[in-house]
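Just so we're on the same page: letters track the sequence lines, and every chain starts at 1.
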Protein chains: 4
Amino acid sequence: MNIHSSPNIMKKLDKRSEIIQASLDLIVEHGFHGTSMAMVAEKAEVGAGTIYRYFESKDALIKELYQELEEKVMATLWEGDPISKPVRQRFIHLWTVLLKYFIAHPLYFRYIEQYYNSPYGVSLRKDKILSKTDDRDIFKNLFEEGIAQQVIKGLPLSMLFSLAFGPLVALARDHTLGFAILDDTLIAETVEACWDGIKR
Amino acid sequence: MNIHSSPNIMKKLDKRSEIIQASLDLIVEHGFHGTSMAMVAEKAEVGAGTIYRYFESKDALIKELYQELEEKVMATLWEGDPISKPVRQRFIHLWTVLLKYFIAHPLYFRYIEQYYNSPYGVSLRKDKILSKTDDRDIFKNLFEEGIAQQVIKGLPLSMLFSLAFGPLVALARDHTLGFAILDDTLIAETVEACWDGIKR
Amino acid sequence: MNIHSSPNIMKKLDKRSEIIQASLDLIVEHGFHGTSMAMVAEKAEVGAGTIYRYFESKDALIKELYQELEEKVMATLWEGDPISKPVRQRFIHLWTVLLKYFIAHPLYFRYIEQYYNSPYGVSLRKDKILSKTDDRDIFKNLFEEGIAQQVIKGLPLSMLFSLAFGPLVALARDHTLGFAILDDTLIAETVEACWDGIKR
Amino acid sequence: MNIHSSPNIMKKLDKRSEIIQASLDLIVEHGFHGTSMAMVAEKAEVGAGTIYRYFESKDALIKELYQELEEKVMATLWEGDPISKPVRQRFIHLWTVLLKYFIAHPLYFRYIEQYYNSPYGVSLRKDKILSKTDDRDIFKNLFEEGIAQQVIKGLPLSMLFSLAFGPLVALARDHTLGFAILDDTLIAETVEACWDGIKR
DNA sequence: AATGAATGAGATTTCATTCAT
DNA sequence: TATGAATGAAATCTCATTCAT
């Protein structure tokens, strides 16, 4: 690769990124079906047909956008995960990072939530439950360790997920919609409350 | 009004109910935009035009359906609310009733959630926050009383809502989707965990 | 049914007929892909969406139009078929009727031919060969009888079909395109020539 | 031109040939409009833009491909035409060669036929009839000689064409589609039958 | 009041062609 | 000369809504 090929590569990446970004903005504001491909094309400043060079269909675009966002979130969590620390400390760390990430990236959060609660998300989750390689392994391991050490309630995993994520997601939603304003203190208290919900 | 007009009224109510029920079934399964008016008409066994005698538009139908479901939920909560009992006991009662109601009426729950997380729901909630007559008064009063009695954490109301409803909603979702199975014991434990999240 | 319902029925039949007729005219002139649904809608003086009340898709329209034309042709042949007459006489009758029909209905003929020689027609014919209930039974029987009576050559049926239909179709094509002009005498001579091709 | 330019020319010819061949394969299978330029480019292993260096447009490609095939067929006929032999013998020779050629090159035949029966072919034939330099001169001469010698029926030339080519084409079609299987004996009988159709 | 055929605006998607590299 | 990413016009098809019956 030399310096002259760079513009090509940049441009290619750019088009796809522009489309992804435009879709994210528009879908968060208008929903999946309130967002037409023409709107995406205009906002991304590409031809309508260009979208189909990068995404097979509107559905594929919606799905790939979700997957990209999910990867970003998971990467952020993995990055600083203090694996060797005690369960409680890891929990506090992970939940804090996650909540702060959602607050810092409200569009990501809104999109993920919208996707999750649509027919798209339901089938996605059904698929995930079947497959072994779940993103949630990082949490699963944490919970199982906590149960084994008797610091977390001995409830079914799915219940622990709901108890621990439910408040965080609800808070993030209210924040991104402007119904609540979270500062560092409130974030810390929220995370503590999430822990309180599952701690023995 | 005389007795002869009764059949007419019955019929009219019936048609409206059929439309509402058909919409609920279809939207839960296919989403707002995966459900066409033609599908609703067929399932409700009415003419396509008939829907428009009862609902001004598809959006109006979606909104009114939401409001009806919300009213049913709130009526159920109001009904047996032990207003004179201590805060904790009221909380446990209300949350148990709510969770059981969602489990007993999974379609109601799925619809409400889908609505809540769509652009429809966001504007609805913005409207509600502005108006004084909020359905959530029943909870607001409970929380304020709890704060005053120092049995509930002194956090902003919006945070308390998230902490207390988040786990419940997450659990109800997993249950209605078949990802978790809740019996009476687990319901009780869930509600306890919700309380743990906000109790001082 | 009373006289007042008549207009309804007429109208319904009319729309479908208008669409069929417009499609026939346009496809014969511009081909399958040179004919857009918008062109059909305009020529038929119906809304674009209306076509889809009568035909599931453009392909379905093309296929159904073919089937209708084929039925008309076959009905014409059946009608005056002198079953009890000698093979030669039946042959002369059927071929004459067919050629005259194609000359009288050049659009029908052009459409059928275009369909026959397109990918549509190939799969159609493959299906037909598999199924027993072939329109061509009328000809098959005639040929088999002729072979048995030793007035027709003892060749495979598919060859006899080609030998007997080939000249007729070629003539009809030239006539409908204006490359040849057939009068009654020439028609008779053509049919004789078709017979000459298969007679023993 | 020197020896060094040879590779270039070869390459250029190669690309054009690849495009022609790919188009032939694809159009025979999917039809004119079922075949996109992108499909051709991929199958020919050239860039999409490259096609336009050799052919002005898709229509031009379709037309040139037809002309190439027609030339090949005519060249084959010219090659061994026993001009000095009696009419009947020449006829038998030419028709046998033609039928065998179509059987040996089913793609050529299918393409020519598809073209012939499309709006492309109709205008092509109209043009040909106007111009004097018709490929059909070889047949025209043969028929006129036959008429003069009173061995061929005294019918209009266009009729003789239809009578003589119709069966051959019909047979070739059934063979290439797999609906009939022709061996040397059947080929000979077919050609005899073609002759029977026009002989006095 | 009830119907459902008809509508046409608008959605998704395709594809021949261009043009910067 | 060759490429293939980009384009946008145009195609097919859907569907909320209307309106004559």
Starting from [atom2] on [N], measure out to [atom1] on [X] and report it in whole angstrom.
| X | N | atom1 | atom2 | answer |
| --- | --- | --- | --- | --- |
| H33(C) | dC15(E) | NE2 | P | 10 Å |
| D14(A) | dA5(F) | CG | P | 16 Å |
| L61(D) | dT17(E) | CG | C1' | 14 Å |
| H30(C) | dA10(F) | NE2 | C1' | 16 Å |
| I51(A) | dC15(E) | CD1 | P | 17 Å |
| E42(A) | dG10(E) | CD | P | 14 Å |
| F55(A) | dT12(E) | CZ | C1' | 16 Å |
| M39(C) | dA11(F) | CE | P | 8 Å |

Handout entry: Shortest non-hydrogen separation from Y52(D) to A48(D) and the atoms involved
Key =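 So the two residues come closest at CD1-O, 3.6 Å.
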Handout entry: Heavy-atom closest contact (E113(C) atom, N117(D) atom, distance)
Key =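 Heavy-atom minimum between the residues: OE1-OD1, 3.0 Å.
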Does a nitrogen or oxygen in the side chain of [X] sit under 4.0 Å from OP1 or OP2 of [N]?
| X | N | value |
| --- | --- | --- |
| Y54(B) | dA2(E) | yes |
| K15(C) | dG4(E) | no |
| K58(B) | dT14(F) | no |

Practice task
Go through the steps for Y108(D) and K72(D) under the test side chain to side chain donor-acceptor pair (under 3.5 Å), then give the verdict.
Solution key: CA-CA 9 Å; Y108(D) 293 7; K72(D) 287 190 187 183; 3.1 Å; yes
Exercise for the section: Could you say whether V46(B) or E56(A) is positioned toward the 5' end of DNA chain E, judged by the nucleotide with the nearest heavy atom to each? Expected result: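 It is V46(B), whose closest nucleotide lies nearer the 5' terminus.
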Exercise for the section: Assign each of A48(D) and F32(B) to its nearest nucleotide of DNA chain F by heavy atoms, then name whichever residue's nucleotide is nearer the 5' end. Expected result: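 Result of the comparison: A48(D).
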Exercise for the section: By nearest nucleotide on DNA chain F, pick out whichever of E45(A) and S57(B) is the more 5' one. Expected result: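 Nearer the 5' end of the strand: E45(A).
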Handout entry: Any strand: nucleotide that pairs with dA6(E) via Watson-Crick or wobble, under 3.5 Å
Key =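 Pairing partner, where one exists within any strand: dT17(F).
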Exercise for the section: Once you apply the 3.5 Å cut-off to both distances, tell me the Watson-Crick or G-U wobble partner of dA1(E), or none. Expected result: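 Partner of dA1(E): none found under 3.5 Å.
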Exercise for the section: Give a yes or no on whether the backbone of F32(C) and the side-chain of K58(C) come within a donor-acceptor separation of less than 3.5 Å. Expected result: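 Answer holds: yes.
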Exercise for the section: Just call it for M37(B): base, sugar-phosphate, or nothing, with non-hydrogen atoms closer than 4.0 Å on any strand. Expected result: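 Base contact.
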Measure from the side-chain heavy atoms of [X] and tell me the nearest of [options].
| X | options | value |
| --- | --- | --- |
| T50(C) | dA9(E), dT12(E), dA6(E) | dA6(E) |
| R53(C) | dT7(E), dT17(E), dT13(E) | dT7(E) |
| Y52(D) | dG4(E), dA16(E), dA5(F) | dA16(E) |
| S36(A) | dT7(E), dA11(E), dT17(E) | dA11(E) |

Exercise for the section: Could you please spell out the steps behind the side chain to side chain contact (heavy atoms under 4.5 Å, CB included) verdict for V28(C) and L24(C)? Expected result: CA-CA 6 Å; V28(C) 164; L24(C) 177 60; 4.1 Å; yes
Problem - Plane angle bin for Y115(C) and Y66(C) - parallel if under 30°, tilted between 30 and 60°, otherwise perpendicular - result: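 It falls in the parallel class, under 30°.
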